[in-house]
Amino acid sequence: MKNESELTVNEKPIYARLFNIKYTFESAQPLTFYGDYYANESKLNYVEGDSLIKLRFKELKGNNTKIMIDNPNSWKLGKVYTKFRLDDDVSMLYKKISTDENMERAISAYKGMRVTLNDPWETTVCFITSQFNNVKRIRLIIKNLVNMFGEEHIDESTGIKFKSFPNPEKLSRVSKEDLLRSGMGFRAKYIMDAARVCSENIDLSKLNPKNYDELKGTLMDIEGVGPKVADCIILMGYGNFNAFPIDVWMKRTLERLYFNSKPQKIKDLYKFSEEKWGEYRGFAQQYLFFYGMKNLGRGNKDGK
DNA sequence: ACCCAGGCGGGCG
DNA sequence: CGCCCGCATGGG
């Protein structure tokens with residue numbers, strides 16, 4: 001334990017306005033698929049690149065949160081800002097998407113929830129894994145993937161051992177048989193194609209995050225990446241709020257809240273979201289998704 | 001036992 | 001195009 005005079009600038013806490021780690025984590029975004037969140041202790045450990053980031057949170061008044069990095073350096077400090085998009089003007093975003101009382105309800109219920117910004121390759125693998133799957137099993141498979149194929153590291157300041165996410169080169173060398181042992185199932189061939197394409201043809205880190213159409217086209221060249229998975233990658237791997245992923249939850253939620261539970265075509269829902277929330281629809285999506293998941297249940301009426 | 005899960009590719013009309 | 005089907009796997 002260091003005394004006060006030994007504290008460096010990097011060990012100063014971050015005071016984040018309109019930030020809530022619980023909602024951010026529980027809304028099932030990529031960092032949650034392999035990070036470890038301890039809700040009762042308000043702690044989160046996750047791997048960023050080849051580094052372990054250990055965070056502690058303290059909720060303050062007014063939906064603000066104090067974030068402390070247990071094993072800090074200036075690089076990690078910057079990465080925490082980037083991961084949780086702490087520079088976003090959330091008040092402005094709320095104003096832009098508060099177009100009706102449904103959204104106002106979702107915002108007030110989950111105030112401080114952020115759309116995290118994650119590594120594009122990890123996001124791609126996570127959302128290929130997500131198709132025709134459930135969150136619990138997605139997390140298990142991703143965890144297996146990291147444990148089986150990730151590179152081992154040791155965090156210098158704590159001595160904790162951890163593994164980083166296997167890169168495309170690594171996964172392209174894994175046999176299908178080994179990949180299946182992670183529980184990947186029929187998606188294994190998609191992961192293999194993604195790994196091959198991303199290690200040989202496309203450098204995901206070089207794509208332009210701003211160009212939605214171009215991004216979507218490039219991502220959909222990967223086998224197993226369709227419109228929905230591409231939108232998830234664009235939203236949570238590139239931070240582009242023009243993406244509005246529509247999965248079974250979103251479809252149900254939109255139909256119930258805005259169309260009197262009448263089935264709608266995906267195409268029409270896309271258009272609806274664009275007209276209603278414009279260039280901030282990705283941010284709106286996260287609130288609707290979480291709101292629907294928590295409050296509307298699976299049934300087709302007013303489920304629980 | 002049966003149903004479903006943050007969809008996608010392929011095949012058909 | 002638009003529709004329909006199968007798909008690995010495990011938990012409720």
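Residue numbers start from 1 in every chain, and the chains themselves are labelled A, B, ... in the order their sequence lines are given, proteins ahead of strands.
Distance, A:I234 CD1 to B:dG6 C1': 15 Å, rounded to whole Å. Going from atom CD1 of A:I191 over to atom P of B:dC8 covers 13 Å, rounded to whole Å. Distance, A:F33 CZ to B:dG6 P: 9 Å, rounded to whole Å. Rounded to an integer number of Å, the gap from A:Q131 CD to B:dG9 P is 7 Å. Rounded to whole angstrom, the span from the CE atom of A:M293 across to the P atom of B:dA5 amounts to 10 Å. Regarding A:R181, its CZ atom lies at a distance of 19 Å from the P atom of C:dA8, rounded to whole Å. Straight-line distance from the CZ atom of A:R187 to the C1' atom of B:dG6: 11 Å, rounded to whole Å. Protein atom CG of A:L145 is 16 Å distant from nucleotide atom C1' of C:dT9, rounded to whole Å.
A residue-by-residue look at A:Q285 and A:E223 shows that A:Q285 has its nearest nucleotide of DNA chain B further toward the 5' end.
Residue A:M220 is classed as having no contact, given no heavy-atom separation below 4.0 Å to the nucleic acid. Here A:S27 lies in heavy-atom contact (under 4.0 Å) with a base.
Residue ring and base: A:F132 counts as stacked with C:dC7 (centre distance below 5.5 Å, interplanar angle below 30°). Both stacking criteria are satisfied for A:F289 over the base of B:dG6: a centre-to-centre distance under 5.5 angstrom and an angle between ring planes under 30 degrees.
Between A:N144 and A:S182, the shortest heavy-atom contact is ND2-O, 3.1 Å. Closest heavy-atom contact between A:T24 and A:G112: OG1-O, 3.8 Å.
Between the P atoms of C:dA8 and B:dG11, the separation comes to 15 Å (whole Å). Spacing between B:dC8 and C:dG11 at atom C1', rounded to whole Å, works out to 23 Å. Between B:dC3 and C:dC5, the distance separating the two P atoms is 15 Å to the nearest Å.
Side chains of A:S27 and A:Q29: a donor-acceptor N/O pair is present below 3.5 angstrom, by distance only. If you check the side chains of A:D231 and A:Y270, you find a donor sitting under 3.5 Å from an acceptor.
Of the listed nucleotides (B:dG6, C:dG2, B:dC8), B:dC8 has the atom at the smallest distance from the side chain of A:V229. Distance from the side chain of A:F186 is smallest to C:dC7 among B:dG6, C:dC7, B:dC8. Of the candidate nucleotides B:dG6, C:dA8, C:dG2, C:dG2 has the atom nearest to the side chain of A:K267.
Remark: aromatic rings of A:Y110 and A:F289 are distant, center separation not under 6.0 Å.
An OP1 or OP2 oxygen of B:dC4 is reached within less than 4.0 angstrom by no side-chain nitrogen or oxygen of A:R252. The side chain of A:K136 places an N or O atom within less than 4.0 Å of a non-bridging phosphate oxygen (OP1 or OP2) of C:dG12.
Under a hydrophobic clustering in which Ile, Leu, Val, Met, Phe, Trp and Tyr are joined whenever their side-chain heavy atoms come within less than 4.5 Å, directly or via other members, A:F132 and A:L180 fall into different clusters.
Both distances falling under 3.5 Å, in either a Watson-Crick or a G-U wobble arrangement, occur for no nucleotide opposite B:dG6.
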